There are 2 protein chains.
Amino acid sequence: MRPTMKDIAKKAGVSKTTVSFALNDPGRISVKTYNRVMAVVAELDYVPNPVARTLTTKRLGSLGFLLPQPITEALKNPYICEIIRGIGEVCEKGELSLTILPPIRGRIIDAARQAFVDGLITIGVGPDHEVIELLNKRHIPFVTIDGAETETTVNVGVNDEAAAYGLLSSILALGHRKITILALRPETLSLPEKRFSLVSDRRLAGFARALGETGLGLNSPGIEIIPVECSLEGGIFATNELLSRRQERPTAVLAMADIVALGAYEACRSAGLSIPPDLSIAGFDDIPMAAGAVPPLTTVHQPGREKGAVAAALVVKLLAGNEAQHCCLETELVVRSSTTAPFSRI
Amino acid sequence: MRPTMKDIAKKAGVSKTTVSFALNDPGRISVKTYNRVMAVVAELDYVPNPVARTLTTKRLGSLGFLLPQPITEALKNPYICEIIRGIGEVCEKGELSLTILPPIRGRIIDAARQAFVDGLITIGVGPDHEVIELLNKRHIPFVTIDGAETETTVNVGVNDEAAAYGLLSSILALGHRKITILALRPETLSLPEKRFSLVSDRRLAGFARALGETGLGLNSPGIEIIPVECSLEGGIFATNELLSRRQERPTAVLAMADIVALGAYEACRSAGLSIPPDLSIAGFDDIPMAAGAVPPLTTVHQPGREKGAVAAALVVKLLAGNEAQHCCLETELVVRSSTTAPFSRI
DNA sequence: GAGAAAAAGTGTACCGGTTTACTTCTTTTT
DNA sequence: AAAAAGAAGTAAACCGGTACACTTTTTCTC
């Protein structure tokens with residue numbers, strides 16, 4: 001079996017304490033003893049058990065990232081990858097590892113319960129979610145990404161309402177009046193009464209405001225909202241369904257994630273539609289491949305890596321016992337060539 | 001302070017053991033006692049400390065993935081993302097979390113030393129690496145990806161030599177004789193005497209065999225090998241350098257990773273060269289975006305997600321105390337339109 | 001209703017380290 | 001040379017759970 005500190009102490013003829021000193025505070029003991037202990041350490045291939053150490057030091061050296069979906073799904077979305085990269089950046093500096101926590105048995109709260117982390121970051125989790133309560137009980141400092149700014153939680157996000165308003169305004173200005181919105185389903189099933197994810201709701205509010213200025217609303221004829229899964233497949237599926245209908249097609253599709261928009265691209269390709277002018281498509285996020293797509297995708301840029309990095313930095317701050325403030329990052333409308341004026345059917 | 005099991009026991013008027021039963025094996029005690037204990041648990045917001053539990057159960061519920069580079073760098077390579085997705089798949093099934101372990105202070109061994117994992121997966125780590133020894137000392141079961149098949153370690157990989165042979169053979173058959181190979185630098189600096197990564201060495205052997213059949217060798221005039229960093233930037237940098245030279249340019253560039261090949265694409269774009277016929281470019285890996293690139297990239301397909309999934313499944317097997325076998329997955333040469341016969345300069 | 005069996009609950013050792021308070025021995029100060 | 005200060009080392013408590021062996025209480029069987 002793996003040797004323990006006791007084994008080392010016995011073989012070196014010293015106390016456990018001395019072994020501990022040799023490993024963590026060599027100045028505390030004589031050079032002679034130090035050498036003797038270390039010789040035994042080398043001989044028995046002793047490596048201290050980090051878990052046991054943790055029991056007293058109460059520091060694990062790991063940050064957690066609580067995913068609302070399985071890892072396989074989540075990493076299909078480059079935007080999530082960007083956020084992870086941002087978190088990773090901070091982990092590097094703080095000499096921490098990064099623990100990805102996928103839902104266990106479909107429940108994100110179980111993942112949080114048994115997480116071995118010093119602090120963690122959630123994404124898309126609202127203040128009313130049970131996991132928030134649990135984290136508080138466990139006294140684990142955490143920061144939410146794309147959550148909500150409340151008294152008791154620290155959040156990092158963007159102004160989704162304003163960003164959505166800007167995007168739809170530009171689409172409306174092009175002349176589009178038949179618009180389909182691909183809104184994101186909530187990833188976890190913990191709140192079954194919700195139709196859309198937290199950010200989707202906020203963006204819908206922005207869309208509503210933009211529509212209002214043209215005398216329209218989310219319920220106006222021609223405007224449609226479809227819940228989709230946040231993935232390439234989700235975009236393909238919804239768009240296929242949309243294009244196969246009898247009724248008149250929209251002239252523009254607004255996806256709430258670039259990856260969904262790229263799914264729409266694919267569905268259009270299969271259907272033989274050109275983007276544009278047959279259909280204008282816009283996304284949200286500005287993932288790295290959005291600019292390189294054919295055609296380049298109009299989207300709302302939000303700084304994914306920065307979001308992750310800021311959130312992680314705030315967690316580190318909390319861990320150090322300092323106060324942390326909410327952070328609202330900038331977005332920018334990036335108009336590329338996937339959106340033009342609607343094709344006039346004669 | 002956060003309540004402990006002792007606090008619960010005291011307040012409920014029972015022993016610590018009973019509390020433990022209430023939480024883990026309710027059938028062991030009477031309903032009446034169970035209710036009383038759970039009431040106190042709820043009242044004091046008690047959540048068991050998973051670290052303490054671990055000391056006796058010796059199970060952490062996490063798999064580790066030891067990265068040879070910072071997370072930010074690694075996740076820029078979609079191929080790594082694919083592998084992580086594969087590992088994630090297995091984690092899901094086993095109700096495990098996934099701990100990403102980036103080098104600490106540039107040293108991968110330090111990451112391994114303090115990792116809180118039940119088992120782990122390395123990538124690109126050879127049998128002579130110090131980390132292998134450490135993992136054995138710590139008695140942590142592990143599987144290597146793209147490592148080496150030895151008596152004492154389990155490896156998941158592909159036949160790099162054969163794959164490289166096939167790729168270069170097809171390039172030579174097209175008529176190319178001036179070929180630049182972009183080989184990968186080892187990511188970690190632990191073995192400074194090495195020029196290339198483990199897989200690069202094996203692929204070079206395959207290249208050498210293919211060249212041999214045409215009466216050439218790796219040292220023949222016209223054949224050049226350049227060490228590059230495995231990233232988009234690495235590809236851009238090396239290719240820029242290559243194209244800016246006075247001397248005659250190669251007609252084909254073989255990158256040992258698709259992401260590097262895509263970097264070469266970008267450098268060509270800036271230089272106003274068309275791919276092909278000015279330059280043929282091929283990659284390795286077949287990342288998802290390789291097929292969608294312009295032009296679609298000729299490459300060697302290797303199953304990234306499967307690699308991760310198989311490796312993780314083997315670790316789980318080892319954890320269960322079973323034997324695990326090496327696994328060599330299939331590769332396939334995928335010829336797309338980035339490679340043609342060399343452009344004849346008149 | 002006596003004896004056996006099952007159920008319910010407890011005390012204590014243990015996991016593998018860290019930390020505190022204390023002892024012993026050596027060196028320095030006056 | 002005595003007192004004070006410092007160095008080196010140790011025993012035992014502690015972190016917060018789990019697991020084993022054991023006792024006590026209840027239920028069942030004949």
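Source: prediction; values computed, not measured. In what follows, chains are A, B, ... by sequence order, proteins preceding strands, each numbered from 1.
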Chemist: Any carboxylate oxygen within less than 4.0 angstrom of a Lys/Arg side-chain nitrogen, looking at A:R2 and A:D45?
Modeler: no

Chemist: Under 4.0 Å, counting only non-hydrogen atoms across every strand here, what does A:T18 touch: a base, just sugar-phosphate, or nothing?
Modeler: base

Chemist: In Å and rounded to the nearest 0.5 Å, what is the CZ to OH distance from A:R305 to A:Y79?
Modeler: 12.5 Å

Chemist: Let's see if you can work this out: which of D:dG17, D:dT18, D:dT10 has an atom nearest to the side-chain heavy atoms of A:V14?
Modeler: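 The answer is D:dT10.
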
Chemist: Between A:N24 and B:V31, just flag the one whose closest nucleotide in DNA chain C comes earlier from the 5' side.
Modeler: B:V31

Chemist: Closest approach to the side chain of B:M5, judged atom by atom: which nucleotide of D:dT18, D:dC20, D:dC15 is it?
Modeler: D:dT18

Chemist: Which atom pairs, one a donor and one an acceptor, fall under 3.5 Å between side chains of residues 137-145 of chain A and the rest of the protein, sequence neighbours left out?
Modeler:
residue, atom, partner, partner atom, Å
A:R138, NH1, A:A112, O, 2.7
A:R138, NH1, A:R113, O, 2.6
A:R138, NH1, A:A115, O, 3.2
A:R138, NH2, A:A115, O, 3.0
A:T144, OG1, A:V154, O, 3.2
A:T144, OG1, A:N155, OD1, 2.6

Chemist: How long is the straight-line distance from CZ of B:R53 back to NZ of B:K58, given to the nearest 0.5 Å?
Modeler: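 Output value for this atom pair is 14.5 Å.
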
Chemist: Mind checking whether B:P102 and B:P70 have side chains closer than 4.5 Å, heavy atoms only?
Modeler: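 Not in contact.
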
Chemist: Within this structure, what is the NZ-to-P distance between B:K6 and D:dC14, rounded to whole angstrom?
Modeler: 7 Å

Chemist: Atom CG of B:L23 and atom P of D:dG16: how far apart are they, to the nearest Å?
Modeler: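 Those two atoms, CG and P, are 16 Å apart.
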
Chemist: Mapping A:K16 and A:T33 to their closest nucleotides on DNA chain D, which lands nearer the 5' end?
Modeler: A:T33

Chemist: Using chain B heavy atoms and a threshold of under 4.0 Å, write down where along DNA chain C the contacts begin and end, 5' to 3'.
Modeler: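 The protein-touched segment is C:dA8 to C:dG16.
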
Chemist: I want to check one thing: is the phosphate of D:dC15, taken as OP1 and OP2, less than 4.0 Å away from some side-chain N or O of A:T57?
Modeler: no

Chemist: What is the distance from CZ of B:R59 to C1' of D:dA19, rounded to the nearest Å?
Modeler: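 After rounding, the gap between these two atoms is 18 Å.
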
Chemist: Round to a whole Å and report the spacing from CZ of A:R36 to C1' of D:dA8.
Modeler: 12 Å

Chemist: Can you tell me if A:S15 touches the phosphate of D:dT10, counting only side-chain N or O atoms and a distance under 4.0 Å to OP1 or OP2?
Modeler: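 Looking at the OP1 and OP2 atoms of D:dT10, one of them is under 4.0 Å from a side-chain N or O of A:S15.
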
Chemist: How close or far is atom P of D:dA8 from atom NZ of A:K32, stated in whole angstroms?
Modeler: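 Atom NZ in A:K32 sits about 11 Å away from atom P in D:dA8.
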
Chemist: Here's a test of your reading of the structure: between A:S20 and B:T17, which maps to the more 5' nucleotide of DNA chain C?
Modeler: B:T17

Chemist: Specify the separation, in whole Å, of atom CZ of A:R53 and atom P of D:dG16.
Modeler: 18 Å

Chemist: Would the distance check show the side chain of A:R85 and the main-chain N or O of B:T72 forming a donor-acceptor pair, the cut-off being under 3.5 Å?
Modeler: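 Checking the backbone N and O of B:T72 against the side chain of A:R85, a donor-acceptor pair under 3.5 Å is found.
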
Chemist: Rounded to whole Å, how long is the line connecting atom CZ of B:F21 with atom C1' of D:dG17?
Modeler: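 Distance check: B:F21 CZ to D:dG17 C1' gives 13 Å.
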
Chemist: Quick one: list whatever passes salt bridge (Lys or Arg N to Asp or Glu O under 4.0 Å) with B:R107, sequence neighbours left out.
Modeler: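 In terms of salt bridge (Lys or Arg N to Asp or Glu O under 4.0 Å), with neighbours along the sequence ignored, B:R107 is linked to B:D110.
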
Chemist: Verify the contact: side-chain N or O of A:Y34 to OP1 or OP2 of D:dA7, cut-off strictly under 4.0 Å; return yes or no.
Modeler: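 Answer is no, no contact under 4.0 Å.
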
Chemist: How close or far is atom C1' of D:dG17 from atom CZ of B:R2, stated in whole angstroms?
Modeler: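 Atom CZ in B:R2 sits about 11 Å away from atom C1' in D:dG17.
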
Chemist: Any carboxylate oxygen within less than 4.0 angstrom of a Lys/Arg side-chain nitrogen, looking at B:E43 and B:K11?
Modeler: yes

Chemist: Looking only at side-chain atoms of B:L55, point me to the closest of D:dG17, D:dC15, D:dG16.
Modeler: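 Nearest listed nucleotide: D:dG16.
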
